[in-house]
Amino acid sequence: MSRVDVVRAAPGDFETVLLRLLGASDARVADLFASTASTAPAAPAAPAAPTAPGGPDGAQPDRAITLRAIVASDAEGGYVVVESDFEDGVYPPLSDLSPATFVEECEIFEEFSARPMGGKPLNRVLVPPHAETDFPRLGTGPPVVEPGVRAPHVVAGQAFEFPVGPVRGVGQESLYMGLVTTGEEVLDLYLHQWHKHRGIERRVHGWPAERALFLVERAEGLSAVATAWAFCRAVERAAAVAVPAPVERTRAVALELERLYNHAAAVAALCQSTGLSVGQAQAEIALERLLRVNLAAAGHRYLFGTLAIGGVTRALDVSAVRALLPEAVAELRRVVRALRTTNSFLDRLEAAGTVPQETARGLGLVGPIARASGVEIDCRRDHPYGPYAEHPPEVRTRHSGDVLARMEVMAEEVEDSRRLIWDLTAAGLDSGCVPVPYGEPATGLGWCESPRGESLAWVSVDEEGRIERLRLRPASVRNWRAFDDAARARNVFTDVPIIEASFWLTVAGFAR
């Protein structure tokens, strides 16, 4: 099983420790986040804009933070949590070492008023322009927004910004896309995702971990099992609880069922985005059959409420899975086979939305998007958990990094998930929960390979199991940062929906 080490570094050594860890083979910064230096609950946001920077009397908020970077060593199969305290809220510019951490630096500023030294401009991530001072935050007091903090939004020359959203088509999440163009080609793209922000990490402060699981599952509803499993593992590691192997196999079967229906939904979305209505209808038939498998097996089409801290809430109906799954997968297989021989469909996918391998590594991408760009990464194999040490997945890759490569990876993963479900159910499943004895404050890190890639959860609980700090990092948080690169890689307006379908990310998972 993959190990987790915690390294406590002095503020002046934080960057040095990271450099040393990143020098190892295949090491990457998987996450970066902050906590208040004190474990006291965050103060409520000011009801009105301050009259002076920092507060009504010009007082600055307490910007002392504990900064944590999670470094994953995929070759050696371990995680290292590097943590350090910064009293003045200024820390080394880690995105200079790892560009993947830039979005996290923006989040840390918005939540805690702490920013990297050097004064680099930061993008808006969660805070809309009209709520700069009264936005509910994890930190104390309103943010200090000095001139030059925000990166300028400039569209110059003969280009103009074509707005799309935030209200889009039926069933699509709220998302603003600013397409910069001179006519048809996408020169640049701006994303505003704060419309879906629900403040889950802030809201669960002080909650028992068992109660927090309800909101954690809903942080990214299409990855309910994966996000919940990462969170449950984090709490279980904090409490030193071991879940029995048959129960872990039940969790894994639920996870693979979740992967199946997500990949089917992505294929249907690709057909819709290319105007292939017959293919879309056939893919949605396969999707419906897979959702019915979930309902028959777990009592919920999207598998909500299956996991619990210490185990699972219900036994899966193995006979229903074995009776219904083969035909559902065969239906999706027939759709993919037909799509692979439809030239008008393939022409729209080939060379569209290309993400080069160098970009995928630099931005820390995970899941099918990374694997389609030749980055062979899957935490079920690289950081095995539950039954995956005995039942490893076959990691499928492509190297072209375009929309077609992403569809091919997902199609092959469907076959592998079906194989894993068959092997896991044959090995035997069980239900039930192990009691969780808390007793003392502790922290834990959990991870899970969602349909979109590696999902992380870090938790700090007190002696009664109440949440002091929760950090959720679904795969969408990592993968959205490549969308603008993919969209402006010699694509036109009509390619953008196709690229979005192939990424198959959620706005909710990013803006949690």
Side-chain angles (χ1 to χ4, degrees), residues 162 164-165 167-173 175 177 179 181 184-186 189 222 258-293 301-302 327-355 367-369 371-373 396 398 400-418 451-452 479 482-483 486-507:
F162 185 86
V164 178
V167 178
R168 304 192 293 161
V170 175
Q172 290 185 299
E173 293 177 286
L175 172 67
M177 292 187 189
L179 303 177
T181 181
E184 186 178 19
E185 184 177 357
V186 179
L189 183 144
L222 295 181
E258 183 171 79
R259 195 179 321 279
L260 283 171
Y261 88 74
N262 268 277
H263 288 355
V267 172
L270 279 171
C271 292
Q272 181 185 38
S273 65
T274 54
L276 199 63
S277 56
V278 173
Q280 177 188 350
Q282 292 177 332
E284 288 177 348
I285 290 172
L287 170 61
E288 176 62 25
R289 289 189 171 184
L290 289 167
L291 292 174
R292 292 183 182 184
V293 174
R301 287 163 62 87
Y302 295 94
E327 183 54 35
V329 172
E331 183 73 35
L332 182 58
R333 188 184 298 127
R334 286 192 289 270
V335 174
V336 172
R337 187 184 303 120
L339 292 175
R340 284 170 169 159
T341 58
T342 305
N343 290 335
S344 61
F345 176 75
L346 297 178
D347 287 346
R348 300 297 306 277
L349 273 57
E350 288 181 307
T354 301
V355 179
I369 298 175
R371 293 191 282 272
S373 296
R396 311 303 183 111
R398 291 290 189 276
S400 59
D402 57 5
V403 172
L404 180 60
R406 293 191 279 275
M407 189 196 78
E408 292 284 0
V409 167
M410 286 189 280
E412 292 182 2
E413 288 183 0
V414 165
E415 302 296 337
D416 195 49
S417 288
R418 189 209 63 80
R452 293 157 188 80
N479 289 342
F483 185 74
R488 62 174 170 254
R490 301 178 65 183
N491 295 282
V492 296
F493 275 16
T494 52
D495 292 327
V496 174
I498 301 172
I499 299 167
E500 184 180 2
S502 73
F503 269 51
W504 196 240
L505 304 177
T506 70
V507 182

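In what follows, residues are counted from 1 in the order of the sequence shown.
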Testing the basics here: between [X] and [Y], what is the closest heavy-atom pair and its distance to 0.1 Å?
| X | Y | answer |
| --- | --- | --- |
| N491 | G353 | OD1-N, 3.2 Å |
| L270 | S502 | CD2-N, 3.9 Å |
| R168 | L175 | CD-O, 3.6 Å |
| A411 | V336 | CB-CG1, 3.9 Å |
| N479 | R452 | ND2-O, 3.1 Å |
| A487 | L189 | CB-CD1, 3.8 Å |

The salt bridge (charged side-chain N to carboxylate O under 4.0 Å, His left out) partners of R259 (sequence neighbours excluded) come to E256
Residues passing the salt bridge (charged side-chain N to carboxylate O under 4.0 Å, His left out) test with E413, sequence neighbours excluded, are R371
Could I get the full list of side-chain hydrogen bond (donor to acceptor under 3.5 Å, both in side chains) partners for [X], not counting sequence neighbours?
| X | answer |
| --- | --- |
| S273 | none |
| R418 | none |
| D402 | S400 |

In Å and rounded to the nearest 0.5 Å, what is the [atom1] to [atom2] distance from [X] to [Y]?
| X | Y | atom1 | atom2 | value |
| --- | --- | --- | --- | --- |
| L287 | Q280 | CG | CD | 10.5 Å |
| S417 | E258 | OG | CD | 10.5 Å |
| I499 | T494 | CD1 | OG1 | 9.5 Å |

Residue that, paired with L290, satisfies side-chain contact (heavy atoms from CB on, under 4.5 Å) out of N262, L260, V414, I285: L260
Salt bridge (Lys or Arg N to Asp or Glu O under 4.0 Å): pairs with one or both residues in residues 266-288, sequence neighbours excluded: E288-R292, E288-R301
Does [X] have any side chain to side chain contact (heavy atoms under 4.5 Å, CB included) partners at least two apart in sequence or in another chain, and if so, which?
| X | value |
| --- | --- |
| A269 | A501, W504 |
| E173 | K196, T506, V507, A508 |
| V278 | Q282 |

Tell me the side-chain hydrogen bond (donor to acceptor under 3.5 Å, both in side chains) pairs involving residues 334-352, sequence neighbours left out? E327-R334, E331-R334, R340-E408
Do [X] and [Y] have side-chain heavy atoms sitting under 4.5 Å apart?
| X | Y | value |
| --- | --- | --- |
| V496 | V164 | no |
| F483 | I369 | no |
| L222 | P451 | no |

Using the ring-ring contact (aromatic ring centres under 6.0 Å, His included) criterion, which residues pair with F345? Sequence neighbours excluded. none
According to the ring pair (Phe, Tyr, Trp, His ring centres under 6.0 Å) rule, which pairs have a member within residues 261-287, sequence neighbours left out? Y261-Y302
